Amino acid sequence: MSETESLHRDLGLTDDEFQAICDRLGREPGYTELAMFSVMWSEHCSYKSSRVHLETLPTEGERILVGPGEGAGIIEVADGVAVAWKIESHNHPSFVEPFNGAATGVGGIVRDILSMGARPIALMDPLRFGPLEDARTRYLVDGVVHGISSYGNSIGVPTVGGETVFEECYAANPLVNVACLGVVDTKLMHGRAEVPGQVAILFGSSTGRDGIGGASVLASAEFDEDSLDKRPSVQVGDPFSEKLLIECSLELIRRELVASFQDLGAGGISCPTSEMTAKGGTGIRIDLDNVHRREPSMEPFEVMISESQERMLAVVESEDVEDVLGVCAKWGLEARVLGEITKTGRVEVVDRKTVVADVPSLALAEEGPVYERPIERPHWMAGINAAPAGDEAPEHYGRTFYEMVASPQIASKRWVWEQYDHMIFLGTVIGPGGDAAVIRLPGTETAVAITTDGPGRLCMLDPYEGARHAVAEAARNVAAVGARPAAITNCLNFGSPEGSGVMWQFSEVVRGIGDACRDLGTPVTGGNVSFYNETNGRPIYPTPVIGMLGIVGDPAVAVGIGFRDEGDAIVLLGTTELDDFGGSEYGKIVNDAIGGTPPNLDMGAERALHEVLIAGADAGLFNSAHDLSGGGLAVALAECAFASNRGFSVQIGGTEPHRTLYSESPSRAVVSCGQGLVDDVLALAGRHGIAAEVIGAVAADMCDFSVFATSLEEARSVWEGGLSGHLSARVE
Amino acid sequence: MTNFKATVHVSLRSGIADPQGLTIERALPALGYTGVSGVRVGKLIEFGLDASDATEAESKVGEMCERLLANTVIESYTLSIVDESEDLAGRES
Amino acid sequence: MTNFKATVHVSLRSGIADPQGLTIERALPALGYTGVSGVRVGKLIEFGLDASDATEAESKVGEMCERLLANTVIESYTLSIVDESEDLAGRES
Amino acid sequence: MTARVGIVVFPGSNCELDCERSFERLGASTEFVWHDDNTLPDVDIVVLPGGFAHGDYLRTGALARFSPIMHSVAEHAAAGKLLIGICNGFQVLCEAGLLPGALRKNEGLKFLCKWTELRVEVPGTPFTARAERGQLLRIPINHFEGNWYADPDTVARMRANHQIVLRYVKNPNGSLDGVAGISNERGNVLGLMPHPERACESLLGSEDGAVIIGSMLDHVMHMQPSPAGV
Ligand SMILES: Nc1ncnc2c1ncn2[C@@H]1O[C@H](COP(=O)(O)OP(=O)(O)O)[C@@H](O)[C@H]1O
Ligand SMILES: [Mg+2]
């Protein structure tokens with residue numbers, strides 16, 4: 001057996017994949033070549049298990065300028081104003097080293113946005129952890145939040161929202177997803193090298209041994225006892241270099257010095273060189289001696305696949321090389337000519353005058369394996385769907401309400417978002433703590449609303465329905481501030497695709513997202529798949545995180561969740577089903593049950609609700625608006641009250657009031673308005689066929705549900721302390 | 001029980017990027033300092049510790065490093081233990 | 001020119017509260033470590049330095065400390081200089 | 001006639017665009033000044049904006065204060081012209097010795113981005129002329145190292161000399177005496193941790209930052225031999 005043949009398994013390639021490489025090359029690959037294939041054909045880079053499913057998603061729309069396949073999707077939000085929107089996962093690295101794993105997660109998505117020629121202007125961080133009772137979880141939460149804070153704040157991109165979810169299934173597989181919004185600066189860029197003779201310039205940080213095999217080792221295999229020994233793959237983030245990279249890249253584009261552009265992330269140098277030339281029908285001859293290395297003794301294969309952070313690749317005209325190097329020098333960044341674009345269609349790598357790799361770009365970037373993995377509905381589904389949803393009445397209404405608002409799931413996330421600069425760029429019209437963040441785009445009077453949502457529990461109970469809920473909830477959050485849902489990006493976090501049950505969940509989730517996006521008119525502009533989120537054979541809940549982007553005409557009409565004026569009427573929009581407890585917070589927190597089926601979701605009603613919310617905001621009818629989600633009506637009312645320190649008094653009737661209070665029927669919202677506008681609000685709802693009922697009024701300092709009441713101040717402090725109480729000071 | 005003085009030096013493992021050290025190094029010539037190379041910035045943690053003897057002190061501090069003081073994924077540490085009482089005039093009761 | 005190895009220890013002046021030290025001190029009992037007191041966290045900065053002799057090296061590093069490595073409003077420092085070449089077998093040309 | 005404002009950009013600065021926008025909104029003309037330049041252009045006001053100059057590596061402001069432009073900035077201040085350091089800019093001014101004291105890590109060891117209330121302790125300065133004594137300003141903070149310290153003698157001298165210009169109503173970071181912003185002895189240099197440029201628009205939550213920025217612009221206009229009718 002040849003040397004490379006025994007190696008490929010260590011690099012994560014199967015025997016069949018190795019054979020396919022040999023067939024494609026007409027020979028056995030050399031060492032460096034094999035390493036390049038191992039990263040480019042890894043699950044993370046090649047989407048080999050997910051591609052057949054993802055192809056079914058709707059990706060086209062009037063506003064979509066660039067769909068999936070580039071660094072980020074591009075959406076035209078107003079005449080001549082285009083934004084980039086994309087989400088990425090950094091789950092595995094964050095489990096191994098939370099601070100740097102999360103920090104470099106931010107760095108990676110920011111470079112994706114940058115590669116499109118867009119200035120990154122907002123971040124969101126959907127996070128999932130195990131229960132906070134566990135000390136390792138507290139360490140992870142602290143490290144991840146600190147990592148995002150330290151990196152995002154330093155590069156000067158505000159983190160304007162996210163999610164923080166706690167659930168047993170994430171204990172050994174936390175999810176760290178990061179979404180980034182950018183606004184195209186002067187010119188939309190593409191990662192396509194089309195002109196032979198142009199020159200590729202690598203700039204940014206030096207290349208070291210850090211992160212070698214990140215894509216193939218960390219992100220494309222499940223965890224076991226040995227995982228913590230995969231430490232050499234850990235990368236350290238350098239936000240300072242990233243900030244320089246942002247300013248330098250934008251200056252290069254502004255001065256029209258760049259023909260095409262791509263960031264370096266998973267797969268290192270192998271990735272942009274093969275992808276850009278494969279897309280452009282060209283090749284590249286790389287001179288490895290020109291790579292600025294942190295460690296002198298690095299092997300060619302290490303240089304080719306190192307995932308050292310904060311690097312970009314620019315393809316430029318040869319006569320512009322001096323100017324490009326000059327701009328990089330001004331920003332204090334290393335920059336060297338990596339190689340020349342050729343006509344060969346191949347990636348040729350030369351190290352000290354010896355060719356160490358010579359492979360077709362297409363083979364690396366686009367001809368990776370594609371699997372139709374076996375799919376089978378897990379046998380346990382019937383049992384869990386038949387299990388109790390936990391809808392028994394509480395023993396004590398007041399105590400139960402406190403228990404709900406104090407649970408880390410529902411409690412205030414201020415401890416998290418106060419550590420993030422969420423204001424820089426003077427665009428944060430609505431920041432963290434609301435339904436969606438509303439971001440005014442720099443230099444314009446146009447704003448977009450962004451949010452992320454991923455109800456893993458519902459997806460576990462029914463991946464198809466759960467995924468539809470995910471899209472609907474995200475759209476509802478955007479509509480609640482007055483924005484029209486326009487497009488989504490998505491991060492699909494799953495267990496191992498080698499399990500037929502996980503693959504069934506995956507295919508169902510993708511089908512659900514596709515159907516929901518078609519129903520709501522929100523195409524998919526891109527996303528990310530993170531498989532292998534499983535430890536010792538126990539996968540996480542299927543967790544699609546939907547990043548929804550909506551368009552707000554005028555930022556001044558955006559509506560926040562906080563009640564405004566005492567005496568305002570509180571109106572409940574939408575229909576409450578009294579038995580929507582499957583996968584609910586009430587079932588979990590109060591009765592310790594996760595079972596049943598997700599609530600029924602009618603997309604017609606959902607769309608109609610959005611129309612009411614958008615039209616009401618446009619007409620200035622609402623003083624506040626908040627969609628109903630986890631914890632149902634009771635929690636939504638409480639959140640409106642806590643946000644602005646105004647209480648409420650509502651009439652909750654029925655023989656089992658806990659059903660009205662905590663049922664999680666979708667397609668609902670609470671709005672408040674001046675008493676004089678009540679008729680207008682009811683009429684607006686009526687026109688769209690949405691049930692609307694005045695349930696009470698904004699009041700001074702009570703949370704008064706009529707069946708029980710608490711002081712606003714006390715309830716609020718319970719809610720404020722629910723998360724921070726677990727996470728006091730940090731040890732650095 | 002004796003009171004020991006523990007000193008723990010935590011630094012980034014070799015091979016792990018040290019952006020802080022690099023940035024400082026690159027800035028120095030502009031500040032008028034030349035001939036400086038290989039800047040590394042680490043942490044030095046000092047504290048007093050009660051233990052019955054030096055061996056116990058050492059193993060205690062080693063464990064503290066592993067569990068709290070160093071992040072061994074990216075950092076390594078060295079430690080030293082000094083018997084405070086021996087430094088002084090005599091041994092305490 | 002000789003290559004010296006400089007080690008600078010920067011710590012908060014005594015009397016200035018050290019929240020990092022305090023936090024570690026407060027975290028330790030929960031992990032089962034008692035008898036720890038007076039935790040202080042400082043920085044250890046190491047680098048190589050070319051100078052014609054030890055005296056020059058020392059004065060250069062001293063100046064760097066005053067102007068750059070420490071902020072003497074809140075920090076104090078100690079420094080040590082070692083002739084790297086003497087550590088090795090012989091002296092380089 | 002407009003006040004001319006130079007905003008110094010260090011590698012790692014990140015609030016320069018926000019300063020530009022807010023100063024211009026209030027009627028100033030602004031230009032960016034690269035840290036590597038040796039001389040300031042002809043400006044009335046110099047702003048050292050917030051951010052992470054040189055990554056805040058080693059210590060906040062420690063490397064930035066050596067930038068070539070800082071000579072010229074010091075001369076500008078010595079000539080009695082207005083100089084304001086916001087957040088990271090404040091840290092740079094302390095490191096450069098243009099303001100007393102130093103900024104330590106927040107007491108809670110956490111980065112804090114939040115709204116704070118400030119009390120104007122010294123009205124009538126070029127930075128607070130639009131305010132009354134004791135007026136409360138709602139302006140956000142955004143920092144990890146905002147915990148100001150100076151030795152007791154210095155603090156006593158500063159108090160006597162009315163240099164403690166802005167205080168937090170509720171101390172967020174452990175800053176000595178609740179200090180949020182201080183001036184130099186002469187009163188023409190101000191450093192503050194809160195970000196007035198983030199509070200110049202009601203859409204973003206407050207216009208109180210305009211009290212500080214507007215006062216500076218007023219001051220410049222008064223100093224100028226004003227052509228009739230302006
Ligand atoms: N990790 C986080 N980072 C920033 N903001 C967060 C984070 N987690 C939660 N938030 C913010 O807290 C608020 C409540 O979050 P969530 O309960 O998930 O909202 P919703 O139920 O409307 O989706 C939102 O504004 C959200 O953006
Ligand atoms: Mg919501």
Side-chain angles (χ1 to χ4, degrees), chain B residues 1-12 14 18 20-53 56-57 59-70 75-81 84, chain C residues 1-12 14 18 20-53 56-57 59-70 75-81 84:
Chain B
M1 278 287 163
T2 315
N3 190 249
F4 294 90
K5 183 169 180 239
T7 307
V8 175
H9 176 203
V10 180
S11 56
L12 283 172
S14 64
D18 178 6
Q20 174 163 235
L22 268 179
T23 304
I24 297 171
E25 192 167 326
R26 258 183 292 166
L28 285 170
L31 315 187
Y33 300 107
T34 50
V36 176
S37 59
V39 180
R40 305 283 289 180
V41 182
K43 266 185 297 199
L44 200 81
I45 307 166
E46 302 167 291
F47 51 92
L49 175 77
D50 294 329
S52 46
D53 55 37
E56 197 210 47
S59 86
K60 246 176 148 177
V61 175
E63 231 180 80
M64 284 161 57
C65 288
E66 290 284 338
R67 291 184 59 196
L68 179 73
L69 302 180
E75 294 172 329
S76 58
Y77 61 88
T78 59
L79 59 89
S80 88
I81 304 283
E84 281 283 79
Chain C
M1 279 286 162
T2 316
N3 191 248
F4 292 90
K5 185 174 176 230
T7 307
V8 175
H9 176 205
V10 179
S11 56
L12 285 170
S14 63
D18 176 2
Q20 289 197 70
L22 271 179
T23 307
I24 292 178
E25 202 165 319
R26 261 176 293 183
L28 285 170
L31 297 178
Y33 302 105
T34 51
V36 174
S37 57
V39 181
R40 305 285 286 179
V41 181
K43 271 185 283 204
L44 200 80
I45 308 167
E46 300 167 292
F47 51 92
L49 175 77
D50 293 330
S52 47
D53 56 36
E56 197 209 48
S59 85
K60 242 178 151 175
V61 176
E63 199 200 299
M64 285 171 72
C65 288
E66 287 287 334
R67 290 185 61 208
L68 174 71
L69 301 179
E75 295 170 329
S76 58
Y77 61 87
T78 59
L79 59 89
S80 86
I81 305 283
E84 283 281 81

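Numbered from 1 within each chain, the chains take letters A, B, ... in sequence-line order. Note that the structure is a prediction, hence the values are computed from the model and not measured.
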Please evaluate residues B:L28 and C:L68 with respect to the criterion side-chain contact (heavy atoms from CB on, under 4.5 Å), reporting the C-alpha separation (whole Å), side-chain torsions for both, the decisive distance (0.1 Å), and the verdict. CA-CA 10 Å; B:L28 285 170; C:L68 174 71; 3.4 Å; yes
Going by salt bridge (charged side-chain N to carboxylate O under 4.0 Å, His left out), name the pairs with one or both residues in residues 1-10 of chain B, residues two or more places apart or in two chains. B:K5-B:E46
What pairs of residues pass the side chain to side chain donor-acceptor pair (under 3.5 Å) test when at least one of them lies in residues 32-41 of chain B, not counting sequence neighbours? B:Y33-C:E63, B:Y33-C:R67
How many angstroms lie between atom CD1 of C:I24 and atom CG of B:L69, to the nearest 0.5 angstrom? 5.5 Å
Return the CG to NZ distance between C:L44 and B:K43, rounded to the nearest 0.5 Å. 12.5 Å
Select, from C:G32, C:G48, C:A51, the one with the greatest count of heavy-atom pairs under 4.5 Å involving chain B. C:G48
Chain B shares the most heavy-atom pairs under 4.5 Å, among C:L49, C:L31, C:I45, with C:L31
